[in-house]
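First the structure, in the form of structure tokens, and then the observations on it.
Below, chain A is the first sequence line, B the second, and so on; all start at residue 1.
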There are 2 protein chains.
Amino acid sequence: MESLYPEQVRTTTLSDVAREAGVSLATASRAINGSTNRTVGPALRERVLAAAARLHYSPDANAQAMARGRTTSLGLIVHDIADPYFSAIAAGVTRAAEAAGLSVVLTSTEHDPAREVSFVELLRRQRVRAIVVTGGRRDDPEGTAALRAALEGFQAAGGSVALVSQPLEGMSTVVVDNREGAADLARHLHGIGYRRFAVVAGPVDHLTSRDRLSGFREALDELGAPLADGAVVHSGFTRDGGYEGMAELLRRDAGPEVVFAVNDVMAVGAMAAARDAGVSVPDDVAVAGFDDISTLRDITPALTTVRVPLVEAGVLATELALGPGEPREVHLAGEVVVRESTPAR
Amino acid sequence: MESLYPEQVRTTTLSDVAREAGVSLATASRAINGSTNRTVGPALRERVLAAAARLHYSPDANAQAMARGRTTSLGLIVHDIADPYFSAIAAGVTRAAEAAGLSVVLTSTEHDPAREVSFVELLRRQRVRAIVVTGGRRDDPEGTAALRAALEGFQAAGGSVALVSQPLEGMSTVVVDNREGAADLARHLHGIGYRRFAVVAGPVDHLTSRDRLSGFREALDELGAPLADGAVVHSGFTRDGGYEGMAELLRRDAGPEVVFAVNDVMAVGAMAAARDAGVSVPDDVAVAGFDDISTLRDITPALTTVRVPLVEAGVLATELALGPGEPREVHLAGEVVVRESTPAR
DNA sequence: TTGTAGGCGTTATCAG
DNA sequence: CTGATAACGCCTACAA
């Protein structure tokens, strides 16, 4: 037999509470959320609260948002929430948003840049107060222009925006010092004796990958130990990309002493490729990454990397978005963390 | 000088569009979203759409929700979005929610069970269509009762609920077969020659940990290789818990051949503790985990574990919550994945 | 301190 | 097919 429950569930409203308490709608409203004005007499307040409890009243946030003219939520756009890089940032965003009394609407592009634009529009319809956009972009003028247009539309409608990673002019951004971090890493590796370097990079048009690569390369140039031809291989910005990149590198007869994978997840893939090829890390080849993903801190050999305070980046971006004033750009320096995957040579 | 921008940003409304197009509000509404009734004449429809585009109109989802009587969002409660276990589930939830046309509101308890209750209330105020609650609970009758009450209140108000992990009577749940998975693992390990077992478990009142432990223990009992006294140590359900648990185990003179850490993150911590103590894995002691966290698949030695399809669990939970009919319980079997951390003995 | 009434942006019912 | 108009649930001047 089919369920005969009425689909229509009448939620109790503030009017119900007011009637139950024998007061006006306005009084009920004021008693329950303490309006900006004066208080409600203690006696009535009690009556109202009691009535609300009795009726299991739950204020309708949507109605409140309409009446007040502003919602209580914030949008977050990531590429893949299952990626530890993004989930760390998300942790920071949820924390900061909650501190500001906002709830966060999570959207995940699944690596399709075009979806960023539609998510911005979705979040704008939702009338979120702010949008935090995370993740590196490609060097794609059209795509970037579309995203910027969507974001500007959102701002024009009164919303605020903050980005993590790649800046977009006129919008607050938490910028990770990718070039400088990679350069520091290069200097450190050179300092402990490495001379023949190679890089497993992401796609050529991936801005974050590009910054890390060029910072690394320029530092090596200055040190007089430039990257050899064929010492850079481009691949996916993922674990599998790292794996394939390293495999390719090992196939070439370059024989680098140390490989810099432009992020930790790729570095882990690279190490797996070395292992599968019978090449020992760090005895035969040293490996370094970038990000210092906490979930990966216990891999062996422990990975030398550049620490990026991702949770903090999420917090900062949220605060930037919510804060007053002109768009700001906050820089987050990376810190080289030396571990066993790159022993002194 | 202070910014002199007017704080009040007037968003263009549907009335504006109607006026601009020279039609009634009703017609504009129908043209823009195709109401349940009949269509709008092609000519007018064009005019309206053009006007909307010209005015950069963005429908207000909140107002729509009010008018339609239902929102377009779904709530997700996790303990810690930075934990790969939860982020994998979250990936499944976002995917399924999007497929259903819903956006997800993410809340993170930061491991405080009491906050689950307040998040349920928050999400209820938001009038989300469904709530997905993930994560193991403690054996805490009062806390569980409070959560159940909040959830029932939400259901009574017309919302639907699905849980991942520990079931709650009367609510749809995606149950992971923890006992059976752990038992399978025990049998496998026994089958390849292990006899002296130990377990690094979570807190004694942690239900998931408890299930995994007892499944493991009972299988060993049946096999005639019961866990020795002192072969079980309780610790935190985290990486550090795993580390401390293993350290404690190594301090005891038991000398287990293989240690089962009740989740992968703990197993990684356990392996780190062994390493720090100069104990080799798997030569001196083998280690196995549970969950098969994908980010951890490349650690060395590769971890033997019980695979739980977490992304799928998220998808399933969302579908269960959104699906019609009575509450259901879906079981997800774990699959033992044998890797190098537990070589045949 | 408390109540009245108008409005927030849409949808939906009911006539033309 | 199109247009008034009443909800939806709540907040907030404005009055009393």
Would the distance check show the side chain of B:T107 and the main-chain N or O of B:L76 forming a donor-acceptor pair, the cut-off being under 3.5 Å? yes
Check this one for me: any side-chain N or O of B:N33 less than 4.0 Å away from OP1 or OP2 of C:dT11? yes
Is the phosphate of C:dT2 approached by A:T27 (side-chain N or O, under 4.0 Å from OP1 or OP2)? no
Have a look at B:L25 and say if it touches a base, only the backbone sugar-phosphate, or nothing, with a 4.0 Å heavy-atom cut-off. base
Closest approach to the side chain of A:R30, judged atom by atom: which nucleotide of C:dT2, D:dG9, C:dT10 is it? C:dT2
Can you find a side chain N or O atom of B:S29 that sits less than 4.0 Å from OP1 or OP2 on C:dT10? no
Can you see if the side chain of A:Q64 gets near the phosphate of D:dC10 - specifically, an N or O under 4.0 Å from OP1 or OP2? no
Check this one for me: any side-chain N or O of B:S24 less than 4.0 Å away from OP1 or OP2 of D:dA4? no
Whether A:R115 and A:E121 form a salt bridge (side-chain N of Lys/Arg under 4.0 Å from carboxylate O of Asp/Glu) is what I want to check. no
Less than 4.0 Å between a side-chain N and a carboxylate O, is that true for A:R95 and B:E110? yes
If you only use heavy atoms from C-beta on, which nucleotide in C:dT10, D:dC8, D:dT12 is closest to the side chain of B:D60? C:dT10
Euclidean distance, atom CZ of residue B:R19 to atom P of D:dG3 [Å, nearest integer]: 15 Å
When B:L74, B:L102, B:L123 are each screened for side-chain contact (heavy atoms from CB on, under 4.5 Å) with B:R129, the one that passes is B:L102
Choosing from C:dT10, D:dG9, D:dC11, which nucleotide comes nearest the side chain of A:M66? D:dG9
Remember a base hit wins even if backbone is also touched, and classify A:G69 as base, sugar-phosphate or nothing at under 4.0 Å, heavy atoms. nothing
Among D:dT12, C:dG9, D:dA4, find the nucleotide with the atom closest to the side chain of B:A67. C:dG9
